Every structure is written in structure tokens, then in C-alpha cells.
Amino acid sequence: MGRSMNEKSAVIEDFYGLEHDYSSEAIQARDAVRRFVDEKVRPNAGRWWQEGVFPTELVGEMGQLGLFGPTLPEKYGGAGASGIVYGLMMQELERGDSGLRSFASVQSGLCMYAIYRFGTEEQKLRYLPRMARGEIIGCFGLTEPDAGSDPSAMRTVAERGGSGYRLRGAKRWITNGNLAHIAIVWAKDDGGVIRGFIVPTDAPGFSARRIETKASMRMSVTSELYLDNVEVGEEALLPHSQGLGSPLSCLTQARFGIAFGAVGAALDCLQEAAAYTKTRIAFGRPIAATQLVQERVADMVSRVVSMQLKALQLGRLYDQGALRYPQVSLAKRDNARSALEVARTARELLGGNGISTDYGPMRHLANLETVDTYEGTYEVHTLIVGREILGENAF
Ligand code: TGC
Ligand code: FAD
């Protein structure tokens, strides 16, 4: 039986017919972000990436689309959306570029969630609605030059002094660092307990230096932060934050979004490669008509379906309130790595054109090297899952 082009594209996109498992609200939100990405991002993505430009002019529209804090209650600027809605929005953003999804992950999953979960009512009302609209941009400073996988080794301190705290230390690899109005800074108090602080980036002693040498995630702004005796009042402390578990619970939110986002990057690569093989002629026929190409396309589809199923089940667990962080670790680990494999195969299928940013796969491939590393490396998530199954801490 013949199929229209649209139906064929739907088969690539959704080989296992998962569309029926999403609510109409989820499909609407997904399609709105998809249109935004198609119209505003896709035509410029290669150039922005090459030039190292983050499109700040799109932040307001991203806010209007509900991309910042979608799961938070309406009184804080959110939409009370489900985890699956949030996930599919991240999927569509990352279809455009991982750097764009990173911006949203940091704003929502890391910064807004930190204030929502560990802040006072006054802090929530002061910051969250404006962050949801994209008027206040946040960054999240956990990693340090000498403490990445093991954030408990951080050296940044928050000493009690005067009517508040004095913060001293450095953070490295901080997404949005040079764009942010506020930084959520994690530091050890006088008792050595990790606490979170909302630090205005114009506070005396605070500075950010953009890292210019990235060969990955080039559309995203990544910075080093310096805290040179930055004085903040008591109102900067997130009073309910207490210990390493606090920043780690924010990471769970963002890692959840990454598990979906990676599906988007992989889908973009798969679709572009599949279309290319049908028009690229070698040895007198489209390369799509060769067995070795079909094998590689089937492998890509297989990976994408596994990623989609993992993400969907993660979303269901989130919505049932039953999600445990090792489950998020497994999905972040596997989906980031699988997306890398799909992007690499797509790159190969495009031949020489595959290395150009006129096409998506090389840009996605380079970005996904970061996605595989940040928010916990592949190895860190392997060890989280190992510990969960075997009951032994092997870090
Ligand atoms: P451990 O003993 O395992 O944990 C300490 C306490 O925290 C709890 N916990 C979590 N809670 C919620 N979510 C999680 N994911 C959690 N992981 C642990 C845990 O239950 C415990 O609670 P309690 O009550 O018993 O005290 O601590 P550990 O020192 O052994 O460390 C564990 C380890 C290695 C897994 C953790 O340090 C880790 O996840 N390391 C990776 C660090 C990381 O992912 N950094 C990311 C920085 S942010 C970033 O990359 C942003 S990129 C954003 C973008 O651009 O998209
Ligand atoms: P390391 O911890 O030094 O790890 C080096 C290698 O050793 C890795 O392969 C790791 O898996 C391996 N390793 C470490 N310990 C073990 C072990 N016990 N067993 C086996 N292998 C091990 N951080 C933030 O706080 N906020 C941000 O916004 C942010 N954005 C980022 C954006 C970008 C573009 C990048 C690249 C990073 C960002 N990060 C951010 C930091 C990121 O989370 C860290 O890079 C990551 O957690 C790894 O830490 P590390 O780079 O110090 O590597």
C-alpha cells in the first residue's frame, strides 16, 4: 500500500506510534515549539554556531512559549504542565540546537527549580514570574575548576559576616554565565554544609569570563565565575537548601529534560540523513537503495525508538510522582550516548557534506559531546545505576 510523503516522515519520526500515548496538551506544546524552532532557529543555527552567537533576542519569545518553568504552578509563572509536556518541549528545542535546550534547562530545571524548592515565598514571588518571562536570566554555579564529578570537593565558601554572607571562590563551565542577571551559587558555610545563594551578577566582587575555546556547544554561552569576597544579605540564602542533596535534586530536573532533548537532536540527524540518502546518487542510483546504507538507517531508527521509549516512561514516572533519580541517570546516560551514535552515523551518511554546518549532524555531534559529559558524565551515571543495583558505592 502506497503512503504519502507526510506519512513516511511520520514513520521516521515515530516508528512505534507513540503519538497516541501523548495527551493533546503535550502534542500542542510540542508542535508550538517545533514551529518556533523551524521558523526562528533552523535557518540560522549553522551560522550562530560557527560564530559562537547565542540568540538573546529569542529569549522573550521562548518565555511566551512557556519554555521556562513549565511544570511550576501558575502563581510563579509556570503552567502546571506535566513532565511529558516539559520533556517534549525540550525535545523540540534540542532538535534545533543543544545550546538552546541548555539555556532552557539551566533557566528552568536548575535555577527556577532551586528557588522554587529551596526559596522563601518572597524569593519565589520576586524571581520566578520574571524568570518565566525571560526577563531575569539565571545561571547555576556548582562545578569548579577542581571539582566537577565530585562537587562535594568544592572550595567556594560562604562565610558569615555583617548582616549576611561573604562568598569566595571560583566556578567553571557555567552555562549562561555572561548572560545571567542572577547566579545560583553553591558554597560551603562555616560548618562545611553546602548551601545555595541567589547572587546578583552585578554585586561588587562578582565577575564572569566567557570561555571562548569551545569546539562544542558553540551557540551556548559558557563562563568561569569569580567570587571575590562578594557580600550578600541574608535574603540571598535559599534557606531550605541543606547539603549536597539540594543541588543534586536540581540536576535531576535538568537531566530529565536532557533525556528528552537528546531524542530531538537524534531525530533531526535521522531525518536529515534519511532524506539525503534518497537524493544522493552514487554508482547510478540513490545511496538509499544500497544495503549498507539501509542497515545504518535501521540502526539509527532502532536507537531512536529505544530513546523515545525510555523518555516516555521517564515522563510517566515523573507524572505519577514515582520517579527516582537513578532512573533519570539511566535515561540521561543512555540517551546522550545513543544520540551521539546516531549523529555520528548521520554525519557519515552525508559524506563530505556531513562535516559542514550547512547540515545539522556535525553540529549536533559536536554538541552532544558536551551533553554526554555535563549534568554528570556517562561514567558518573553508570556508577549511580551500579550503586542502585548492587548496593556498593564505587565512586
Ligand atoms: P551522595 O551520597 O550520592 O548524595 C548526597 C545526597 O544527595 C542525594 N542525591 C540526590 N538527590 C536528588 N537527585 C539526585 N540526582 C541525587 N543524587 C544524590 C542522596 O540521596 C544523598 O541524600 P542524603 O539525604 O542521604 O544525604 O553523594 P556523593 O558525594 O557520593 O555524590 C554522588 C554523585 C557522584 C552521584 C554526585 O556527586 C553527582 O551526581 N556528580 C555529578 C555532578 C554533576 O552532575 N554536575 C553537574 C553540574 S550542573 C551542569 O552540568 C549543568 S549543564 C546544564 C546545561 O547547560 O544543560
Ligand atoms: P572530571 O570530574 O574531572 O572527570 C574527568 C573524567 O574522569 C570523566 O570522564 C569522568 O567520567 C571520569 N571520572 C571521574 N570520576 C570517576 C570515577 N569515580 N570513576 C570513573 N571515572 C571517573 N556545571 C555547572 O555547575 N553549571 C553549568 O551550567 C554547567 N554547564 C556546562 C556547560 C558545558 C559546555 C560543559 C562542558 C560543562 C558544564 N558544566 C556545568 C560542568 C559539567 O557538569 C562538568 O564538566 C561535568 O560534571 C564533569 O566534571 P569535570 O569536567 O570536572 O570532569
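Quick caveat, the model's predicted, so the values are computed rather than measured. Order of listing sets the numbers, starting from 1, for every ligand and every atom in it. When reading the values below, keep in mind they use all heavy atoms of this one structure, side chains included, and skip hydrogens, waters and symmetry mates.
- Within the 4.0 Å heavy-atom criterion, neither part of Phe103 lies near ligand 1.
- Among Ala153, Gly148, Gly376, Gly177, the residue whose heavy atom lies closest to atom 50 (P) of ligand 2 is Gly148.
- Nearest protein heavy-atom neighbour of atom 45 (O) of ligand 2: Thr373 CG2, 4.0 Å.
- Proximity to Ser105 (heavy-atom distance under 4.0 Å) selects the following atoms of ligand 1: 56 (O).
- The protein reaches atom 42 (C) of ligand 2 closely, with a heavy atom under 4.0 angstrom from it.
- Taking both residues in full, the closest heavy atoms of Met90 and Arg101 are given as O-CG, 3.5 Å, listed atom of the first, atom of the second, then distance.
- What sits closest to atom 42 (C) of ligand 1 on the protein, heavy atoms only, is Gly148 O, 3.6 Å.
- The shortest distance between side-chain heavy atoms of His381 and Val385 does not fall below 4.5 Å.
- Closest to atom 26 (N) of ligand 2, if we only count protein heavy atoms, is Phe140 O, 2.9 Å.
- Ligand 1 has an N or O atom lying under 3.5 Å from an N or O atom of Thr175, backbone or side chain.
- Of the protein's non-hydrogen atoms, Trp173 O, 3.1 Å is the one closest to atom 38 (C) of ligand 2.
- Between Tyr86 and Phe256, the ring planes are parallel. Angles under 30° get that label, and only those over 60° would be called perpendicular.
- For atom 15 (N) of ligand 1, the protein comes within 4.0 Å by at least one heavy atom.
- For atom 22 (O) of ligand 1, no protein non-hydrogen atom is found at a distance below 4.0 Å.
- Protein non-hydrogen atoms do not reach within 4.0 Å of atom 7 (O) of ligand 2.
- Within the structure, ligand 1 has Pro151 among the residues with a heavy atom less than 4.0 angstrom away.
- The existence of a salt bridge linking Glu348 and Arg296 is confirmed by a sub-4.0 Å separation between a basic side-chain nitrogen and an acidic carboxylate oxygen.
- In terms of protein heavy-atom proximity, atom 19 (N) of ligand 2 is nearest to Leu383 CD1, 3.6 Å.
- The nearest protein heavy atom to atom 16 (C) of ligand 2 is not closer than 4.0 Å.
- With distances taken over non-hydrogen atoms, the option nearest atom 35 (C) of ligand 2 out of Val221, Thr143, Thr377, Thr370 is Thr370.
- Shown here, atom 45 (N) of ligand 1 is in close reach of the protein: a heavy atom of it lies under 4.0 Å off.
- The protein heavy-atom contact nearest to atom 41 (C) of ligand 1 is Ser149 O, 3.5 Å.
- In this structure, atom 26 (O) of ligand 1 has its sub-4.0 angstrom surroundings free of protein heavy atoms.
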Report the C-alpha distance between Thr345 and Asp299 in whole Å, list the side-chain angles of each, state the deciding distance to 0.1 Å, and finish with yes or no for side-chain contact (heavy atoms from CB on, under 4.5 Å).
CA-CA 9 Å; Thr345 306; Asp299 285 346; over 6 Å; no

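- Of the protein's non-hydrogen atoms, Glu375 OE2, 3.4 Å is the one closest to atom 51 (C) of ligand 1.
- Closest to atom 21 (N) of ligand 2 among all protein heavy atoms lies Glu379 CB, 3.9 Å.
- Taking a cut-off of under 4.0 Å to the non-hydrogen atoms of Arg101, the atoms of ligand 1 that pass are 56 (O).
- The protein heavy atom nearest to atom 2 (O) of ligand 1 is Arg387 NH1, 4.4 Å.
- The nearest protein atom to atom 33 (C) of ligand 1, hydrogens excluded, is given as Phe395 CZ, 4.2 Å; this is a heavy-atom distance.
- At the top of the distance list for atom 8 (C) of ligand 1, counting protein heavy atoms only, stands Gly245 CA, 4.0 Å.
- Using 4.0 Å as the threshold, Leu110 has a heavy atom nearer than that to some atom of ligand 1.
- What sits closest to atom 32 (C) of ligand 2 on the protein, heavy atoms only, is Thr175 OG1, 3.3 Å.
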Begin with the C-alpha distance, continue with both residues' side-chain angles, and end with the deciding distance and a verdict on side-chain contact (heavy atoms from CB on, under 4.5 Å) for Phe68 and Met131.
CA-CA 7 Å; Phe68 307 141; Met131 292 181 83; over 6 Å; no

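- Heavy atoms only, all atoms of each residue included: Cys139 and Leu225 are closest at SG-CD1, 4.1 Å.
- Close approach of ligand 1 to Thr143 is summarised as follows: ligand atoms under 4.0 Å from at least one heavy atom of the residue are 47 (C).
- The environment of OH in Tyr16 is sparse: at most 12 heavy-atom neighbours from other residues, nucleotides or ligands sit within 6.0 Å.
- Across Leu67 and Ser108, no two heavy atoms sit closer than the pair O-OG, 3.2 Å.
- Nearest to atom 48 (S) of ligand 1 by heavy atom, out of Leu251, Leu142, Thr373, Val221, is Leu251.
- Taking a cut-off of under 4.0 Å to the non-hydrogen atoms of Ser249, the atoms of ligand 1 that pass are 12 (C), 13 (N).
- Protein heavy atom at the shortest distance from atom 4 (O) of ligand 1 is Leu248 CD1, 3.9 Å.
- Looking only at heavy atoms of the protein, atom 53 (O) of ligand 2 is closest to Ser149 OG, 4.2 Å.
- Relative to atom 39 (O) of ligand 1, the option among Arg255, Met90, His381, Gln107 with the closest non-hydrogen atom is Arg255.
- A salt bridge links Lys40 with Glu61: the closest approach of a Lys/Arg side-chain nitrogen to an acidic carboxylate oxygen falls below 4.0 angstrom.
- Considering backbone and side-chain N/O atoms, Asp150 never comes within less than 3.5 Å of an N/O atom of ligand 1.
- When hydrogens are left out, the protein atom nearest atom 10 (C) of ligand 1 is Tyr325 CE2, 3.6 Å; that is the closest non-hydrogen contact.
- In terms of polar-atom proximity, Gly376 is counted as a contact of ligand 1, with an N or O under 3.5 Å from an N or O of the ligand.
- Remark: ligand 1 atoms within the under-4.0 Å shell around heavy atoms of Val106 are 53 (C), 54 (C), 55 (O).
- For CD of Glu121, the number of neighbouring non-hydrogen atoms (other residues, nucleotides, ligands) closer than 6.0 Å is greater than 12.
- By the definition of a contact as any protein heavy atom under 4.0 Å away, atom 12 (C) of ligand 2 is not in contact.
- At least one side-chain heavy atom of Asn367 sits less than 4.5 Å from a side-chain heavy atom of Met217.
- Only the side chain of Ile384 comes within 4.0 Å of ligand 1, judged by heavy-atom distances.
- Under the 30°/60° scheme for interplanar angles, the aromatic rings of Phe118 and Trp186 are found to stand perpendicular.
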